[in-house]
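Beneath this line is the structure, given in structure tokens, with notes to follow.
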2 protein chains.
Amino acid sequence: MKNSIDQLPARQQQALKTRQKLLQAGKEVFLEKGFQKATISQVIKKAKTGYGTAYVYFKNKDELFITLMEDLMNQFYEVAEMPFKPQAKEEAYENIKKQVRLFLQLAMDERDMMKVVKEAIGVSPEIEEKWYGIRERFIERISVDIRYAQAQRLAKENLDPALTARGWFYSNEMFMWELVMNQEKYQINDVIVNLTRMYTGGLYE
Amino acid sequence: MKNSIDQLPARQQQALKTRQKLLQAGKEVFLEKGFQKATISQVIKKAKTGYGTAYVYFKNKDELFITLMEDLMNQFYEVAEMPFKPQAKEEAYENIKKQVRLFLQLAMDERDMMKVVKEAIGVSPEIEEKWYGIRERFIERISVDIRYAQAQRLAKENLDPALTARGWFYSNEMFMWELVMNQEKYQINDVIVNLTRMYTGGLYE
DNA sequence: TGTTTGATTGACACTATGTCAATGATATAA
DNA sequence: TTATATCATTGACATAGTGTCAATCAAACA
């Protein structure tokens, strides 16, 4: 149990605690005010620290938010890495549906936070970059899956894996944001079924 | 020729001219600095007017930018309203390809401005709203097209027109932004062909 | 106990916004 | 022609946020 928090020197303990207070207060303020309207003053007030203290632990508002996002983003990375080795078209269809559901469900489980994330992506280049990392990870992974399906003669070979993966993820991502911002508008299941049908079979007879 | 600019009272002429100077200066500043880093001070300096003058003609930076966007947005509306009455699957495929090309081409022709638009969408709820208007117009129009194709027995009837239209537009939109931000990464033709193939025929055999 | 180290702090300099009372120039009326 | 009304123009001001830093305070150490 070396390095357990409660046997650190009291000074470092205190510092850790201050940092935690700032993170907790930050989360509350971001959820309440949104990203743009949240200010450092509101955070330090809620955390009961001095103004300068926030800047000791975080370079600025963006960095504070990125730290708060990290957990959530790691969960997305996990979904992106799901294995995919279908032996038949039907199995592929089911696998795909399952991954779409996990992706959308994760976003909906963290809906309040995801709303703030969306706002933050638009405002802060650093946070946008973080999200692009997730996106590219998904697309890379889906590309691999498509190449695998093509090798198995399940998928059409005249489609470019990278472009197809990208287009497919874009639809998923945008529906995700739509559901996050506008839960009531669509049934999550309808979205999944329609997306997957489109992807696997196309629109035309 | 009633109301032609040069027979208005000199005072109104002057006012019009001031407004134009602000718009021109605004465009230059936005293109040079981007949306967030553009300031009213930079604009009025370039327009050679007093600080307060900008606020006489525009409520704030957002309104000034929206005025500058208007032309461009109307061009998108025109693309959205393109007619679509295919008699056969091949004709549908060609029609769709044509519309995708117009959409992407318009964005690329106004690439510098579209970069700023993208940034502005993320920062300003009013501007985001404007873009959502365009998006919904496209989706509405595509939904109609899909229903038409379904009625003609060209398109699969087990797909929901509204959801399918939305998913399809999302792919197009996101590729558009990708091309705008990152021209060199993809060949515009490859994108069009792959998107259209996916949409009409799906990924799986 | 005295000294060093590092956590904490708020005042400060800076940058931007949006408002408004004053100014100046044009149109109108006498 | 002159007086007056109208309205475009203006920059100083109040406000609100950011990020920095020299000073302070308390724990660790010698």
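Please read these numbers as outputs of a predicted model, since none were measured by experiment. Naming convention: chains lettered A, B, ... in sequence-line order (proteins, then strands); numbering from 1 in each chain.
Under the 3.5 Å distance criterion, with hydrogens and angles disregarded, no donor-acceptor pair is assigned to the side chains of B:Y132 and B:E136. For the residue pair A:E81 / A:Y77, no side-chain donor-acceptor distance below 3.5 Å is found, with atom types taken as modelled. In the model, B:Q20 has no side-chain atom that pairs as donor or acceptor with a side-chain atom of B:Q24 under 3.5 Å.
A parallel orientation is assigned to the rings of A:F35 and A:F30, their planes being inclined by less than 30° (bins at 30° and 60°).
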Writing each nucleotide of DNA chain C 5' to 3' as (, ), [, ], | or . by Watson-Crick or G-U pairing under 3.5 Å yields ||||||||||||||||||||||||||||||
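A straight line from CG of B:N60 to C1' of C:dA16 spans 13 Å, rounded to a whole angstrom. In this entry the distance linking CD of A:Q12 with C1' of C:dT5 reads 12 Å, nearest Å. The interatomic distance linking B:K48 (NZ) with D:dT10 (P) rounds to 13 Å, in whole Å. If you measure from atom NZ of A:K17 to atom P of C:dT8, you get 11 Å, rounded to the nearest angstrom. To the nearest angstrom, P of D:dT18 lies 11 Å from CG of A:D62. To the nearest angstrom, P of C:dA7 lies 14 Å from CD of A:Q13.
Salt-bridge annotation for A:E91 and A:K85: absent, with no side-chain N of the basic residue lying under 4.0 Å from a carboxylate O of the acidic one. Ion pairing between a basic and an acidic side chain is recognised when a charged N comes within 4.0 Å of a carboxylate O; A:R135 and B:E178 show no such pairing. Looking at A:K130 and A:E70, a side-chain N of the basic residue comes within less than 4.0 Å of a carboxylate O on the acidic one, giving a salt bridge.
Looking at heavy atoms from C-beta onward, A:F58 lies out of side-chain contact with A:T53 at the 4.5 angstrom threshold. Side-chain contact between A:E63 and A:Y57: absent, with no pair of heavy atoms (C-beta onward) separated by less than 4.5 Å.
Rounding to the nearest 0.5 Å places CD of B:Q150 at 11.5 Å from NZ of B:K156.
Between B:F175 and the choices A:W168, A:Y170, A:F169, the ring-ring contact (aromatic ring centres under 6.0 Å, His included) rule is met once, by A:Y170.
At a non-hydrogen distance threshold of 4.0 Å, B:T39, B:I40 from residues 18-45 of chain B come into contact with DNA chain C.
Between A:T53 and the phosphate of C:dT9, there is a side-chain N or O to OP1/OP2 separation shorter than 4.0 Å.
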Below 3.5 Å is the cut-off: list the nitrogen or oxygen pairs between protein and nucleotides 19-24 of chain C, distance only.
none

